[in-house]
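All remarks here apply to the structure that follows.
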Amino acid sequence: MATAADQLMAPASLATIAPVSNGQQSLLATTAAVAMAARNGQEQQELVENQKSTSPKPSPMPNLKLNKMGSVSSKEKRVYKIVLTGGPCGGKTTGQSRLCTFFENLGWKVFRVPETATVLLSGGVKFSDLTEKEAYKFQENLIRTMVQIENTYFELGNSSTRNCLIICDRGVMDASAYISKDKWEKMMAGNKWNPVEMRDNRYNQILHLVSAANGAEDFYSTEDHACRSEGVDLARELDYKSAAAWVGHPYFDVIDNSTNFEAKMNRLIESVCQKVGIDIGDRLQATSRKLKYLVAMLPPDSEFPPFQDFDVVHHYLQSGGPKVQARLRKRGQKNHWSYIHTQRRPNVHGQARIEVKTQLTHRDYMNLLAQRDDAHFTIYKKRRCFLINNQYFQLDIYKEPGHPRCKGLVLLETYSSLTGDALKNCMPKFLNIVKEVTGDPDYSMFNLSLKEDWSTTKKFCRTATHGKQHEQQQLHQENQNQNQKQYHPYDEISD
């Protein structure tokens, strides 16, 4: 029986991650050893230099090229980097395989980055035998090795002539789940790493596959994993820790066990397709939808579960037509920033709207600011991200300067496939939720940012029915009573 320390560190076996040859395994192990040996050399210096977000040099994460209006051309190559994380027996191995098959069928090139801990531990390392100092150094070298291995795949993605999906089996922030907060902060400071670069800018999307030990206990098993021996209770603890490590990433999706396993895998694929901007039509059943709630006075910070706070700034840009929307978002902590450009494509032939999000360098962001739409205020928020009841929430607290209509405004957002009592039970009980405002044009960020009065402006965007506002709200309420959601055409997907 493995010790608790072994259980905390034990990854899935390499054989279950991807069908790789013995030669490939040796190559990966050699790559890891080389990266560890070079930790004080040139690669470490380059990593530190790349993490200076204020530098005008391109970001270490390859960015999509922009056309003249700053949007992503459908003809240009995409490189999309995701992390699959979660506790034991969550479906990561199957999820990798399903994503690989789905995107390869679309003509994409797919790379699967193996779990670095597996590569290192398969060389005879027994974590329980390490001293405290050795364990700390092992974790530090594991992160350096992971960065080097991932960068190898990222460069292959950049050089590929096809659209490319890169699937990482866990990411750099997962290491923080297996080390104390004090030691993690010491490690970050000692290497001049910061969470905005390591968590937010490095990967496009994080997908947490909830362990079967949490909600599907009858299906929890470790028989197929040579390195796994966690009991249900420990598996739950690991699942929570791995999720908490990624709280704060702007595109963090929790794929829970509220459906059967086949539907869980479909929700995983659907989530990636939505973020990439691929219209999948009815190929996968739509399950998760965005929900928005108005919140009254905030409770003290002590009543929240562990959270991450960010400063967020939104700018709306001039667009090519009334049905096209473009905006910029700057999001950061302690003066480290990430930048996103979002363009909304209008509905076509009844298909659902598509939002294309592009990660920007600081230079791209500053250049696109010249296209600011003077009809809109800049929106300033404090965004608080937290996880509770296996549900990921974002709390947007509007800040001044801004329109008086935004003063004191607090909105809670989440994505969920739950309804009725199941949804009600997972909502944060410590918040005073006034009402649901999903689809209500009065709480659309587009409308909230308008400088003109709503009663006189022609820019106010109403619901698809284009009726009077009270009629829209009445219809919205009727839909709520029927457990149906009517979506506002400018009810933005949070970024």
Side-chain angles (χ1 to χ4, degrees), residues 250-254 256 258 267 270-271 274-275 285-296 298 312 314 325 327 329 342 344 346-347 350-355 357 379 381 383-398 405-406 408-429 431-450 454 460-495:
Y251 307 115
F252 175 37
D253 293 293
V254 179
D256 61 18
S258 59
R267 285 188 286 133
E270 178 190 7
S271 180
Q274 286 177 345
K275 295 296 191 299
Q285 182 181 4
T287 53
S288 184
R289 73 258 186 235
K290 192 187 85 165
L291 302 172
K292 185 186 292 187
Y293 299 87
L294 178 65
V295 176
L298 288 177
V312 180
H314 294 276
Q325 180 193 125
R327 64 184 184 271
R329 187 217 68 196
T342 300
R344 155 93 56 98
N347 296 357
Q351 297 295 321
R353 70 173 188 266
I354 293 177
E355 288 195 350
K357 299 179 186 294
I379 292 288
K381 305 174 183 175
R383 173 166 293 170
R384 175 163 295 182
C385 305
F386 59 93
L387 186 74
I388 190 170
N389 300 324
N390 281 328
Q391 195 73 29
Y392 188 56
F393 292 93
Q394 291 186 162
L395 192 68
D396 280 352
I397 304 161
Y398 282 71
R405 68 173 73 100
C406 297
L409 181 62
V410 180
L411 296 174
L412 179 71
E413 296 185 3
T414 189
Y415 282 82
S416 181
S417 58
L418 301 175
T419 57
D421 290 340
L423 176 61
K424 183 178 179 180
N425 291 335
C426 81
M427 298 298 291
K429 303 296 189 296
L431 291 179
N432 183 3
I433 297 176
V434 178
K435 61 179 179 178
E436 183 181 352
V437 295
T438 307
D440 189 333
D442 288 356
Y443 298 95
S444 160
M445 189 171 69
F446 180 88
N447 289 335
L448 289 169
S449 66
L450 287 171
W454 286 349
F460 185 90
C461 186
R462 293 179 167 82
T463 57
T465 59
H466 297 286
K468 294 182 180 180
Q469 188 167 326
H470 72 275
E471 293 173 348
Q472 299 161 1
Q473 293 173 342
Q474 182 178 2
L475 179 60
H476 174 67
Q477 184 62 48
E478 291 173 356
N479 285 338
Q480 281 185 312
N481 294 338
Q482 298 171 7
N483 286 327
Q484 297 174 345
K485 304 300 177 190
Q486 177 184 354
Y487 288 93
H488 184 264
Y490 274 82
D491 193 15
E492 303 90 352
I493 296 176
S494 292
D495 63 359

**Request:** Give a yes or no answer on whether the side chain of Arg327 reaches the backbone of His314 with a donor-acceptor pair at less than 3.5 Å.
**Result:** no
**Prompt:** How many angstroms lie between CD in Gln391 and CZ in Phe386, if you round to the nearest 0.5 Å?
**Reply:** 10.0 Å
**Message:** Quick check with a 6.0 Å cut-off and a 45 degree axis cone: is Lys292 positioned over the face of Tyr415's six-membered ring?
**Reply:** no
**Prompt:** With a 4.5 Å limit on heavy-atom distance, are the side chains of Met427 and Ile433 in contact?
**Reply:** yes
**Qualifying residues under side-chain contact (heavy atoms from CB on, under 4.5 Å), relative to Ser449, sequence neighbours excluded** = Tyr316, His376, Ile379
**Message:** Any non-hydrogen side-chain atom of Leu423 less than 4.5 Å from a side-chain atom of Leu291?
**Reply:** yes
**Asked** Are Lys435 and Tyr293 side-chain neighbours, meaning at least one heavy-atom pair lies under 4.5 Å?
**Response** no
**Asked** Where does the angle between the aromatic ring planes of Tyr392 and Phe252 fall among parallel (under 30°), tilted (30 to 60°) and perpendicular (over 60°)?
**Response** perpendicular
**Asked** In chain order, what residues pass the side-chain contact (heavy atoms from CB on, under 4.5 Å) check against Ala296, with sequence neighbours excluded?
**Response** Asn432, Val434
**Request:** Could you check if a side-chain atom of Leu412 sits within less than 4.5 angstrom of a side-chain atom of Gln394, using non-hydrogen atoms only?
**Result:** no
**Request:** Take Asp396 and Arg384 through the test salt bridge (charged side-chain N to carboxylate O under 4.0 Å, His left out) and record every step on the way to the result.
**Result:** CA-CA 7 Å; Asp396 280 352; Arg384 175 163 295 182; over 6 Å; no
**Min side-chain heavy-atom separation Thr438-Tyr443 under 4.5 Å** = no
**Asked** Is the side chain of Thr414 donor-acceptor paired with the backbone N or O of Phe393 at a distance under 3.5 Å, no angle test?
**Response** no
**Message:** If you apply the rule side chain to side chain contact (heavy atoms under 4.5 Å, CB included), what do you find for Met445 with Lys381, and how did you get there?
**Reply:** CA-CA 11 Å; Met445 189 171 69; Lys381 305 174 183 175; 3.3 Å; yes
**Trp454 side chain vs Asn447 backbone, donor-acceptor pair below 3.5 Å** = yes
**Asked** Backbone N or O of Asp256 within a donor-acceptor pair of the Arg267 side chain at under 3.5 Å?
**Response** yes
**Prompt:** Nearest heavy-atom pair of Cys426 and Asn389: which atoms, and what distance?
**Reply:** O-ND2, 3.3 Å
**pair Arg329-Val312: side-chain heavy atoms closer than 4.5 Å** = yes
**Closest approach of Pro441 to Cys461 (non-hydrogen atoms, all atoms of both residues)** = CB-O, 3.6 Å
**Item:** Sequence neighbours excluded, every pair satisfying salt bridge (charged side-chain N to carboxylate O under 4.0 Å, His left out) that has a member inside residues 419-428
**Value:** none
**Item:** Side chain Arg405, main chain Leu450, donor-acceptor under 3.5 Å
**Value:** yes
**Message:** In the structure I gave you, are the side-chain heavy atoms of Val410 and Leu431 within less than 4.5 Å of one another anywhere?
**Reply:** no
**Asked** Would a 4.5 Å heavy-atom cut-off, applied to side chains only, mark Leu411 and Val295 as touching?
**Response** no
**Request:** Please name the pair of heavy atoms, one in Leu448 and one in Asp442, separated by the smallest distance, quoted to 0.1 Å.
**Result:** CD2-O, 3.4 Å
